[in-house]
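Below, chains carry the letters A, B, ... as their sequence lines are ordered, and counting in each starts from 1. As a basis for the values below, the full set of heavy atoms in this structure was taken, side chains included, without hydrogen atoms, waters or symmetry mates.
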Protein chains: 2
Amino acid sequence: MFEQGSGDENRGASMASIADVAVAAGVSRQTVSNVFNAPHRVRKETRVRVEAAIEALGYQPNRAAQALRAQASRVIGIRIESIQADSLTTVHDRFLHALAEAVQAIDHHLLVFAADDPDDEIGTYSRLHRTGAVDAFVLYGIDEGDARPAQMLRLGAPFATFGRTGHDVDHLWVDVDDESGGAAVAQHLVARGHRRIGYIGFPEGSSVGERRVTGLRGVLDKHGLLGESAGLDLRGQDEVANGARLAAVLLDRPDPPTAVVAASDTLAVGVAQAARTRGLVIGRDLALVGFDDTPTAGVFDLSSVRQPIEAVARCIVRALLPGLPAGRSQVPACAEQSTPQPPHGRLLAPTLVVRASSAATTQGRASSTATTQGRASSTATTQGRASSAATTQGIKG
Amino acid sequence: MFEQGSGDENRGASMASIADVAVAAGVSRQTVSNVFNAPHRVRKETRVRVEAAIEALGYQPNRAAQALRAQASRVIGIRIESIQADSLTTVHDRFLHALAEAVQAIDHHLLVFAADDPDDEIGTYSRLHRTGAVDAFVLYGIDEGDARPAQMLRLGAPFATFGRTGHDVDHLWVDVDDESGGAAVAQHLVARGHRRIGYIGFPEGSSVGERRVTGLRGVLDKHGLLGESAGLDLRGQDEVANGARLAAVLLDRPDPPTAVVAASDTLAVGVAQAARTRGLVIGRDLALVGFDDTPTAGVFDLSSVRQPIEAVARCIVRALLPGLPAGRSQVPACAEQSTPQPPHGRLLAPTLVVRASSAATTQGRASSTATTQGRASSTATTQGRASSAATTQGIKG
DNA sequence: GGCCTCAATTTGATCGTTCAAATTGATACC
DNA sequence: GGTATCAATTTGAACGATCAAATTGAGGCC
């Protein structure tokens, strides 16, 4: 089996080339080319004739020939991560899909590759760059202290990152404003009457986790609740089991919090497990909010801070644009509005999606359980801080 | 911000070409080419000199030039699906990663694209094929009655599918032997002492779902248990809520099953929810087995039938190989062993991963709950049927 | 020496496209 | 009439690699 088989029907029959179209339309190659790339140079009558020939032959310009001539492949590269066994958080696949759409909008293709480790990853970037297979790269999941951006600058390969390293390396980056997300959660919970709010986050060193709790604390401080929530801040790897373990610590205290914020939906699911084994009903006895708004959050009716992944993908493509071959397609919009932005970077505000797990107030509590409660959910942007001047400062288009 | 910025450092500085290497080594272009493609034609002394020049200049053959000359891009294309809000089952991302690795093994690249609907998808295949951007395609999630394979044959674009349509269209396909998976689950449960086994599957029309239940029933029949499990077979869309709803029907019967098999981990999670609200402990009061062995299954300690996704990806690449440019890399192994295989296709056996949700027997029942139980899990291949003649009939290598 | 053989290497042509420069043809202006 | 102007179109060259054919040089043989 699998001997030759189908698949090479028209190998050798070759696709129509620009020369074939030229002959069919009775013009030269260049005129056909102009119909695509500089229509104003072609007389209307001629253009119609050429377009008819293009249609008839089903002609499409050969990508390899264009790439060779233009010294640009119109391909964006990104590493595809392997799924993590213990995490339910899948922002990566949503980002890949969003990025595929974003690069298509500027007539580019998306090339994905697997890498075993950061060294293999950098090696692959280098190879893809030197072979001309890829024009620019997108690096996912960059956090403080990551060595890859500096290595990329050394390679000389154009790139942009989702996430930022800090202030030392200046490269193009786009990131979610996690601080604003944390603040939105705090505002939401405080408005619902919670005063003792627990936090279960990523280990020290994750600046994403730190920013989330910083935003949270900022609002609590503003309401004079920082003291009441003192000592309710625990950390662990992003796994369900850790969420459960750490939540147990919080819930078994003599003065347990009435609300818990988890740095991810994965951790939040663990919190829900721990609460359940203690007979607590999420949404009634304990408010719970996660981050990322993965399918998991929807399924378990958990409130969650939704990342603007699609906007991130568009902004990254937009950031790369100046280094790419002249975009013939219209420049796509990136994000609606924006607060003042740092150089080289772009911060996008996430959105809190409120579901049954945190919808009730501490006074009049919800009567039904979280899992059977209705699906009605409200959303609220975290960008209350956006000044009226924001639109004039943001990216045009 | 985002004005020019970094990213075009060496635009115009141009990478080293084969001519540069030739000059540096004091030979002609063709000799450099031969060092790569026909080393036996080059004198050892010359080869060493050329290799030194290659190393010094960091030369890598230009992909676009090779593609133009060879009329083959060495790129495989696949559609990236958007994540489904209500499903926790993510086989797709695992497959993408596996496919990326598999195509890299034969020195190809993986191009992913997003499509709005099947028409858009086919249109994109056509465009990618006609522009020469992609040599061959992989179609994911093909099931009985799917029109896409027939359309692809009409396009004349080489392709292989994960999943099969039936017997009418002959194209290259690779699929998981779901019947064997269902049978393995049944054997496992029967061996644990279960006699009334419920099934919650996909709606009619999903041949994947049908095959799973067919395998299940086959074993039950063999043990004379088909009558006892009659009427315990329910169907619904692949969502957690449906799993819970359908499980409620089974569990609220006067004679509830002692074990439930769900056609996916997503449905299984729903079953677990329904059981919990009724005070039943999964693994003690009710055995539960899902399909796909997604991270979800691991997190909730659910037994699940693991798909051999990595092997599927390798087999698909292997199936496409004859239609691709001569593979210079050694042909990668596809799968270890195989039962007699149908023409054009390849069936791979899944593996049952037994976890706490179904490890106990109906006699001596586990004492702790499923979620806190240890993580020790055993695996058993479903390929007990493999004859000794299998290796001689399977794909070599 | 002349000639054949064979290995090692070079030259020319080509893949399909597009830039730059050259050509054509029509109109206008002195 | 001669010629400058301009739009429309064509021709030549180049991007970087590799196939096919030609060339070079060394060795063997009569």
*Asks:* By side-chain contact (heavy atoms from CB on, under 4.5 Å), which residues pair with B:Asp119, not counting sequence neighbours?
*Replies:* B:Asp117
*Asks:* Report the distance from atom CD of B:Gln66 to atom P of D:dA17, rounded to the nearest whole Å.
*Replies:* 7 Å
*Asks:* When you compare the side chains of B:Arg29 and B:Ser33, does any donor N or O come within less than 3.5 Å of an acceptor on the partner?
*Replies:*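 Judged by distance alone, the side chains do not pair up.
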*Asks:* My understanding is that only residues two or more places apart in sequence, or in another chain, count here; which of them pass side chain to side chain donor-acceptor pair (under 3.5 Å) with A:Glu51?
*Replies:*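 If we apply the side chain to side chain donor-acceptor pair (under 3.5 Å) test to A:Glu51, skipping adjacent residues, there are no hits.
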*Asks:* Of the non-hydrogen atoms in B:Leu320 and B:Ala160, which two are nearest, and what is the gap between them?
*Replies:*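 Taking every non-hydrogen atom into account, CD2-N, 3.7 Å.
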*Asks:* Starting from C1' on C:dC15, measure out to CE on A:Met15 and report it in whole angstrom.
*Replies:*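 After rounding, the gap between these two atoms is 15 Å.
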*Asks:* Would you say A:Ser33 reaches C:dT18's phosphate, i.e. side-chain N/O to OP1/OP2 under 4.0 Å?
*Replies:*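 Checking C:dT18 against A:Ser33, a side-chain N or O does come within under 4.0 Å of OP1 or OP2.
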*Asks:* Return the value, rounded to whole Å, for the distance between atom CD1 of B:Ile18 and atom C1' of C:dT14.
*Replies:* 15 Å
*Asks:* Report the residues that fulfil ring-ring contact (aromatic ring centres under 6.0 Å, His included) with A:Tyr125, sequence neighbours left out, ordered by chain and then residue number.
*Replies:* A:Phe113, A:Phe137
*Asks:* Base, backbone or nothing for each nucleotide of nucleotides 5-15 of chain D, written B, S, -, heavy atoms under 4.0 angstrom, 5' to 3'?
*Replies:* ---SSBBBBBB
*Asks:* Let me know the distance between CZ of B:Phe36 and P of D:dT18, rounded to the nearest Å.
*Replies:*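 Computing the B:Phe36:CZ to D:dT18:P distance gives 8 Å.
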*Asks:* May I ask you to decide if the ring planes of B:His171 and B:Phe159 are parallel, tilted or perpendicular, using 30° and 60° as cut-offs?
*Replies:*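 Aromatic pair B:His171/B:Phe159 classed parallel.
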*Asks:* Find the bend of the helix from C:dG1-D:dC30 to C:dC30-D:dG1 as the angle between its two terminal axes (five pairs each), to the nearest 10°.
*Replies:* 80°
*Asks:* With no hydrogens and no angle check, is any side-chain donor or acceptor of A:Thr131 less than 3.5 Å from a backbone partner on B:Pro61?
*Replies:* no
*Asks:* Tell me: CG of A:Asn37 to P of C:dA20, nearest whole Å?
*Replies:*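 In whole Å, C:dA20 P lies 13 Å from A:Asn37 CG.
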*Asks:* Using the side-chain contact (heavy atoms from CB on, under 4.5 Å) criterion, which residues pair with B:Ser28? Sequence neighbours excluded.
*Replies:* B:Gln30, B:Thr31
